[in-house]
There are 2 protein chains.
Amino acid sequence: MRDALVAAAFRLFLERGYEQTTVDDIVALAGVGRRSFFRYFPSKEDVVFPDHERCLADMTAFLAAGTDDEPVRRVCDAARLVLLMYAENPAFSVQRYRLTRQVPGLRAYELSVVWRYERALAGYLRARYAGLRDGTLRADVIAAAVVAAHNNALRSWLRSDGQGDAEAAVDHALEHVRAAFGAETVPAVTDGPDDVVVIVSRRGAPLWRVVQELEAALGRG
Amino acid sequence: MRDALVAAAFRLFLERGYEQTTVDDIVALAGVGRRSFFRYFPSKEDVVFPDHERCLADMTAFLAAGTDDEPVRRVCDAARLVLLMYAENPAFSVQRYRLTRQVPGLRAYELSVVWRYERALAGYLRARYAGLRDGTLRADVIAAAVVAAHNNALRSWLRSDGQGDAEAAVDHALEHVRAAFGAETVPAVTDGPDDVVVIVSRRGAPLWRVVQELEAALGRG
DNA sequence: GCTCCGGCGGTACTGAGTGCCGTGCCGATC
DNA sequence: GATCGGCACGGCACTCAGTACCGCCGGAGC
């Protein structure tokens, strides 16, 4: 029933556009009553994102399941769950992406979905950074950065019609965030003394390049 | 006319709630025709954010007006324009904040507004980082981080009923972002040789603390 | 066979948003 | 001074999303 409604809806959306398709059209094509549509989808927008609710629950469960020595890594892993959902059905994801790009109402709806993901990540980080000075600020900023990096890679993959390695692109993007915000802890070096790294930098050098040097020197490049 | 509609709308929204107020109620109180409401506000949500359109235009103009040696600083300054708009009328902003917090539809609308701000910032940074490897990624992430930091400070100020120094809070939050992403360039030292800074770091130290050390050493703390 | 119940459909309603047209008010023109 | 053209406003009628309510039916249990 749900699947039949989604299929009918997308067929009409692609044929004549989202706003030109009424709920009556959809239920007529699916051969069900109008009331049943709203039993399965709270609104017309929801039929475009039939799996986000489940994915959000998965992410929440993942974050609640446990902690990690490195909170940033944990939220990056949580973000990857979203990519997996998109990658499950590339053709569908690409069609939906084109739809949401040109329909303002769908874009707004997608933003509210993304916002809920971001709040889930920020909530986890806020708990981990509780007590730290500017802990909530740090949590919010990192959550926003993780979401932005994820979406940057995801959307460039969607724009390319699902060609290329989406996971690698997202990994690369998330690695940038981890580079910027740093890993709070790294595996201890057990087979040697506490070695040190010396960075020499000209005053006036781009700071982020210095950070890249640091990363390379610390063996995280 | 616009102001009369906004005043009537907020009076009713605060009295009986947003969803319990119809557009007919608003125009009846304001003493104007229903059709005129939609002439000034494309939707019922728009009457809650009567000045965002102007602010967005201001930000776009500010970003288009010129560049900066340090793009991150420029987008931080652009973000401050939004705070100024909120600070112009603290009482109104606090009321609106409470309204948007408890009405899902308004929250979704606000997200779409914030998204447009973020895209404006990201567009500026994308142009500045054009050609750099991962330039658009870096632009999107920084824009998201700036918006998140700004909103973190703004909302904590709104939660405190407009008490405290909003500008100082936002400055502090944005400074965190600049610390994480660094300044690409700093003023050249003219009255001395190209001096160098040496940082010694234990492998395993938190990277972001190392960045803070770097900043302090480079005289940007 | 009877009842209870959950999924489904139909009807009627509210309210947002739109298109169209009439009206009154204004300065400009002859 | 009468007329014309633009413009802002109001009113009416309509579409469509979303909701409340009720009636129908088929299966499970007694």
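Chain letters run A, B, ... following the sequence lines, proteins first and then strands; every chain starts at 1.
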How long is the line joining CG of Leu5(B) and C1' of dA8(D), in whole Å? 14 Å

Determine, stepwise, if the pair Arg155(A) / Asp140(B) fulfils salt bridge (charged side-chain N to carboxylate O under 4.0 Å, His left out). CA-CA 12 Å; Arg155(A) 286 182 184 141; Asp140(B) 286 359; over 6 Å; no

Is Arg128(A) paired with Glu70(A) through a side-chain N to carboxylate O contact shorter than 4.0 Å? no

Rounded to whole angstroms, how far apart are OH on Tyr18(A) and C1' on dC16(D)? 12 Å

What's the angle between the local helix axes at either end of the helix from dG1(C)-dC30(D) to dC30(C)-dG1(D), using five pairs per end and rounding to 10 degrees? 20°

Backbone of Leu132(B) reached by a side-chain donor or acceptor of Arg138(B) within 3.5 Å: no

Can you check whether Phe62(A)'s main-chain N or O pairs, donor with acceptor, with Arg74(A)'s side chain at less than 3.5 Å? yes

Nucleotide range of DNA chain C lying under 4.0 Å from chain B heavy atoms: dG15(C) to dC20(C)

Report the relative orientation of the aromatic rings in His176(B) and His172(B); use parallel for angles under 30°, tilted for 30 to 60°, perpendicular for over 60°. perpendicular

Looking for any heavy atom pair under 4.0 Å, which part of the strands does Phe37(B) touch: base, sugar-phosphate only, or nothing? nothing

Arg96(A) side chain to Val48(A) main-chain N or O, any donor-acceptor pair under 3.5 Å? yes

Within this structure, what is the CZ-to-P distance between Arg35(A) and dG23(D), rounded to whole angstrom? 16 Å

In this structure, how many angstroms lie between the P atom of dT15(D) and the CD atom of Glu19(A), rounded? 18 Å

Can you tell me the distance, in whole Å, between the NZ atom of Lys44(B) and the P atom of dA17(D)? 18 Å

Toward the 5' end of DNA chain C, which comes first, Arg39(B) or Glu45(B), by nearest nucleotide? Glu45(B)

What's the CG-P distance between Asp24(B) and dA13(D), to the nearest Å? 15 Å

More than 12 heavy atoms of other residues, nucleotides or ligands under 6.0 Å from CZ of Arg11(B): yes or no? no

Whole angstrom value for the distance that separates C1' of dC14(D) from CZ of Phe38(B): 14 Å

From the list dC16(D), dA8(D), dT19(D), which nucleotide is the closest neighbour of the side chain of Tyr40(B)? dA8(D)

Position toward the 5' end of DNA chain D (nearest nucleotide), Gly33(B) or Pro42(A): Gly33(B)

When rounded to whole Å, the CZ to P distance for the pair Arg34(B) and dC14(D) reads 15 Å

State which residue, out of Phe49(A), Phe92(A), Tyr18(A), fulfils the ring pair (Phe, Tyr, Trp, His ring centres under 6.0 Å) condition with Phe10(A). Phe92(A)

When you look at Asp58(B) and Arg54(B), which way does the salt bridge (charged side-chain N to carboxylate O under 4.0 Å, His left out) test go after all the steps? CA-CA 6 Å; Asp58(B) 288 350; Arg54(B) 179 188 55 79; 3.2 Å; yes

